Amino acid sequence: MKLMERGGIVPLVLWLIIVVHLLKFIYANIEGDALHSLRTNLEDPNKVLQSWDPTLVNPCTWFHVTCNNDNSVIRVDLGNAALSGQLVPQLGQLKNLQYLYVK
């Protein structure tokens with residue numbers, strides 16, 4: 001009870017919430033960096049990857065990218081985009097990726 005009397009539980013819970021929230025942004029940046037690596041490795045004559053801005057915190061706002069409720073990339077659909085080039089090993093950082101379509 002002494003911990004609760006000192007107000008220790010509430011600050012601890014708030015601190016944990018903040019840390020978890022910040023970790024989601026860091027994880028999103030890792031995924032954004034991986035997708036940006038893909039973008040820089042592909043020829044994009046029709047500019048379909050123009051929205052893939054590495055300065056944005058979260059790649060979930062990019063066209064052709066779908067995320068789950070945790071803001072983690074689960075789908076990248078680049079079909080019929082007339083892209084050419086090679087995939088990059090950084091795609092392995094997309095831990096929740098379930099679908100990748102590049103044609």
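The first residue of the sequence shown is numbered 1, and numbering continues consecutively from there. Every value quoted in this text rests on a predicted model; they were computed, and no experiment measured them. Values reported hereafter were calculated over all heavy atoms of this structure, with side chains retained and with hydrogens, waters and symmetry mates removed.
When atom types are taken as modelled, the side chain of Asn58 and the backbone of Cys60 share a donor-acceptor pair closer than 3.5 angstrom. Judged purely by atom type and a 3.5 angstrom limit, Trp52 has no side-chain atom pairing as donor or acceptor with the backbone of Gly32.
Shortest non-hydrogen contact noted between Val65 and Pro59 is CG1-O, 3.5 Å.
Proximity of Leu49 to Leu42: side-chain heavy atoms (C-beta onward) are separated by under 4.5 Å at one or more points. No side-chain heavy atom of Asp53 sits less than 4.5 Å from a side-chain heavy atom of Thr61. Counting only heavy atoms from C-beta outward, the side chains of Asn96 and Val73 never approach each other to under 4.5 Å.
With values rounded to the nearest 0.5 angstrom, Asp33 atom CG is found 10.0 Å from Glu31 atom CD. Note that CH2 of Trp62 and CZ of Arg39 are 8.0 Å apart. Values are rounded to the nearest 0.5 Å. To the nearest 0.5 Å, atom OH of residue Tyr101 and atom NE2 of residue His64 are 13.0 Å apart. The distance from the CG atom of Leu97 to the CG atom of Asn68 is 11.0 Å, given to the nearest 0.5 Å. Of the inter-residue distances, the one linking Leu38 atom CG with Asp44 atom CG reads 10.0 Å to the nearest 0.5 angstrom.
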Show every donor-acceptor pair shorter than 3.5 Å between a side-chain atom in residues 76-90 and any protein atom, with sequence neighbours excluded, or say none if there are none.
| unit_1 | atom_1 | unit_2 | atom_2 | d |
| --- | --- | --- | --- | --- |
| Asp77 | OD1 | Gly79 | N | 3.3 |
| Asp77 | OD2 | Arg75 | NH2 | 3.3 |

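One hydrophobic cluster, built from ILVMFWY side chains closer than 4.5 Å, holds both Leu94 and Leu56.
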